Each structure stands twice: as C-alpha cells, then as structure tokens.
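Below you'll find the structure, written out as structure tokens, and then a few comments.
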2 protein chains.
Amino acid sequence: MSGDAQISRLKPGRRTDIRRENERAILEAAEKVFAEAGFGGATMQLIADMAGLPKANLHYYFATKEDLYRRVVQQIFEIWLDAASSFDDAPGPVEGIGAYIDAKMDISRTHPHGSKVWASEVMHGAPVIQDYLETTLRDWTEGRIAVIQRWIDDGKMAPINPRHLLYLLWATTQHYADFGHQIQTLNDGKPLSDKQWREAKASVKDMVLRGIGAI
Amino acid sequence: MSGDAQISRLKPGRRTDIRRENERAILEAAEKVFAEAGFGGATMQLIADMAGLPKANLHYYFATKEDLYRRVVQQIFEIWLDAASSFDDAPGPVEGIGAYIDAKMDISRTHPHGSKVWASEVMHGAPVIQDYLETTLRDWTEGRIAVIQRWIDDGKMAPINPRHLLYLLWATTQHYADFGHQIQTLNDGKPLSDKQWREAKASVKDMVLRGIGAI
DNA sequence: TCGTTTCCTGACCGTATGGTCAAGGTGAAG
DNA sequence: CTTCACCTTGACCATACGGTCAGGAAACGA
C-alpha cells in the first residue's frame, strides 16, 4: 500500500511480488489444465504455456507435478471450508442450509475448475488428500451433523438423516460445476445466464428446504 | 445352449467365444482402470495386465486406446438409459421418480466404475461423447421434462422446475458412485453395508419426494 | 491331412513427458 | 561499483507410453 494502486499484472518490480505473481499465474493455469485434462492428461508444458512461462521455470517454483497438483486441490478445499461457515451462525435450517446452498452454488460458478479437480481427485481414490478426508473433512462433517440433529430435535425440520442430507447438498451444488459442460449442452450450448443461475439456486433451495420439512 | 452350463471363464473353446470372452475381459479391466486413473493416467499395459493378456493383444481387439475408452463410456450410458424406463410406465411422481431413484442408486452400487468414467468424460468437456449429449441425452431429457410437467399440471406434485429436479436426481444418485471413496472414508473406511444402502436410498427418496411435494 | 482364417505375442519404434542442470540475467543492499 | 541471493531458461536426459509388425500357434472347414 504505497500510495498508488499497482496493476501488479506483469512487471512485478519487487522480489516478493515476482514470486507471488508467478506462483499465482502458475496455480491459476494449473487449476484449469488439471480440470480439463485430469492429473494424468495434464502436462507441465501446457501449464507453462498457459501461464506464459518456460517449463523449467515451473520447476523452480514447484518441485514436481504432484506438488503443484496438491496445492491446487488444497486451494479449493479451503474455499469450501470458508463457505461452510454459513452453517454455524444460523438460527435454523432455512437460514443455515439456505445460505450454504447459496455459497456453494456461487463457488460452483466462480471456481468450476477447482471443483472438477477435487472431484477428479476423490474419484481416483484421493491419493494425495486422503489425510484431509480423514481429519478436516470428517471433523467438519460430524460437526454439521450435530447442528442438523439439533435442528431436528428442536422441531425446526423433519427427522431426515443428516448425513445423507449433506451428501445431497454436496452432490447437487457441485454438479453445476462438475457437470457444467453437460448442463451447458442441454442449455442449447450456452452457459447459464445470470437469470438461469438465480433460477437454479432458487430451485435447489426450494426442493431441499421443502424436502427436509423446513418450509 | 448345448446342454451343459459353460463356465466360460477361461478356456473358451469356440472361436466366437474367444472373441466374446476376451473383449469382455478387456472392457471390464478398462472400465476399472479408466475409472481409477482417468483417460490420461490409464495405460494400455495396466489394462492388459488386469485383463491377463499381453498388451499387443489389446490392440488386436481394439485398435486404439480411444476406441476402447469410447466403448466403455457407451456401455454405462446404455445402462442408464435402460434404467430410465422406470420413468415412463408410472402413474405419478411417487412411483416414477421413486423407481428412478431406486434404479440409479442400484447402478451406482453395481457399476461405480462406469459412473466415474462418465463423470470424468463430461468433466473434461465430453471430447468423445459430445454427440450423445446433443442427441440421445437431450431428447431423453426433454421427454422426461414433459412427463414431469404433466404431473405438475395434474396437481400430482408442486410446481418445481423439472430440469433442475433432473439435475438434482442425477447429481445425488451418481454421487454415491463418483464420490464413493469419500463416503467410504466418512464411514470409518468401510464400504456401505446393505442396510446403509437401503438407508441411503430411503433418505434420498424421502427428501426428494417431499421436496417436490409428492408426499 | 491340408489350407485358411483367426488369434497370439515378443520385440521394436517414434514420440512426448517429467525432471535436471549449468550458465547467465537481475534487483537490491552495502 | 561490487556482491550476492534470487530468478530465468535453452538444452538435455532417461523413461514410459501408444502403437506396429512379423512370425508363429491354434481353431475350424473340407
């Protein structure tokens, strides 16, 4: 913050900025390439081209392809965890689950690549993030199940199985990112418009909140 | 049908059987390998090993890796289409959608590999089955939307958006296959038992049928 | 038995990939 | 200006992969 807003695109100037900017560009390119080609199909050369750097430079910042991949997966996981705070500070399912659906649908629209990388990783048996599943994700899940169970006990929603509600929420919201291409094809080849996204969010919230007897 | 039930595992005997048996073994191995490693990560060598054949033999039956892959994707698509008949011969949403959920959940349990291959293919932009999406899948979708709309018009369910209902159905049912590893990890590392699968199906049906105001 | 079609497979090839390295460039501190 | 840590990169390497092929084995029909 030295007085004037830096564009910070290229010509980074300071040393630290060089590192930050290059890592950012690499991670952004990697996210896209890993999402579109999978880990096995992605090549360092393609990521390098997309980031506008020579391939050897990638290995200066990220030792191996796996290191780079791991960082990309961690990134989307953290974004999802942040969004999950919607759950906690809510008086009941209408606000809590409603906000959670909103947040996850927004992420599906703004970070479709990350969502696909995560899906791909889990589908292949989570070779690099198994520990996250067993620790952070498990803890988070148990916590949310407890919250939902409390809502049920308080009569704020029907006695559905909280675990399967979470799976339905994850599946449905992420579907709009992971299967975005299929959805686009069924939408005459055009991406969903702002209006269609609002309609999607409203539909999902409506079905889910009805489905759990919250409205 | 020459009198005795053939085991038909190995030692196929007749010419036609040799071809049939080898293609079956290759397709089965390919489905598993493509699901676990993705198209790019899968190797013909690994598929060959898993099928118990030398690699060169694979290329005798399937010219290229892509040919083999295409066959695997088509297979799961046909299985899903068959299951979709549940939709048609049903008087209302409770029977129709209920049966559809049952069918797709069963497939997620019996054909998890195929589901993953399909998901991976769509996530990567459907390079080899784009035409299916634009023809068969689109037609099928429009047909089912019409059926659902009729149920709505007949007052058999709430006026939800049929398209987003279909997406929710696809997402949720396939989630149990595509994210099966995550679900298993959250289930203390153990696969869902028969009882847990029944519970899952019941939960999904309950939430969905409530959600659309059919019960 | 013979001829023909189908099936089998070890050895091989061109290519593309992840990763390395050494030499050179560049910004900032003293 | 000098120094030094950090950054950049073309050239290179070993490996692994998809695919080919020629020669042989096995299954059938006559």
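Below, chains carry the letters A, B, ... as their sequence lines are ordered, and counting in each starts from 1. Worth knowing before you read on, the calculation uses all heavy atoms, side chains too, and leaves out hydrogens, waters and symmetry mates. All values derive from a computational prediction rather than experimental measurement.
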- [ ] Round to the nearest Å and state the distance from B:Asn57 atom CG to C:dC7 atom P.
- [x] 10 Å
Open item on the list: If the cut-off is 4.0 Å, is B:Tyr60 near the phosphate of C:dC7, judged by side-chain N/O to OP1 or OP2?
Closed with: yes
- [ ] Among the candidates C:dC7, D:dT8, D:dT9, find the nucleotide nearest to the side-chain atoms of A:Ile18.
- [x] D:dT8
Task: Between C:dG25 (P) and A:Leu53 (CG): distance, integer Å - done: 19 Å
Task: side-chain N/O A:Arg19 vs D:dC7 OP1/OP2, d < 4.0 Å - done: yes
Task: C:dC8 phosphate, OP1 or OP2, under 4.0 Å from B:Asn22 side-chain N/O - done: yes
Task: Crowding at CZ, B:Arg71 (>12 non-hydrogen neighbours, <6.0 Å) - done: no
Open item on the list: Measure CG/B:Leu68 against P/D:dG19 and give the value in whole Å, please.
Closed with: 10 Å
Task: Nearest-Å distance for atom pair CG/P, residues A:Leu58 and D:dT9 - done: 11 Å
TODO: Send over the distance from B:Glu23 CD to C:dT6 P, rounded to a whole Å.
DONE: 14 Å
- [ ] Name the nucleic acid region contacted by A:Ala42, choosing base, sugar-phosphate or nothing; use a 4.0 angstrom heavy-atom cut-off, strictly under.
- [x] sugar-phosphate
Open item on the list: Can you tell me if A:Gln149 has over 12 outside heavy atoms packed within less than 6.0 Å of its CD?
Closed with: yes
Task: Toward the 5' end of DNA chain D, by each residue's nearest nucleotide, A:Tyr61 or A:Lys55 - done: A:Tyr61
Task: Flag side-chain contact, heavy atom, 4.5 Å: A:Trp170 against B:Phe179 - done: no
TODO: Specify the separation, in whole Å, of atom CG of A:Asp49 and atom C1' of D:dT9.
DONE: 14 Å
Task: Over 12 foreign heavy atoms within 6.0 Å of CD, A:Glu66 - done: no
- [ ] Kindly say whether B:Leu186 contributes a backbone atom to a donor-acceptor pair with the side chain of A:Arg163 at under 3.5 angstrom?
- [x] yes
Task: Nearest-nucleotide 5' precedence on DNA chain C, A:Ala56 against A:Gln45 - done: A:Gln45
- [ ] Find the distance B:Phe62:CZ to D:dT20:P and express it as a whole number of Å.
- [x] 16 Å
- [ ] May I have the distance from B:Asp17 (atom CG) to D:dA26 (atom P), rounded to whole angstrom?
- [x] 18 Å
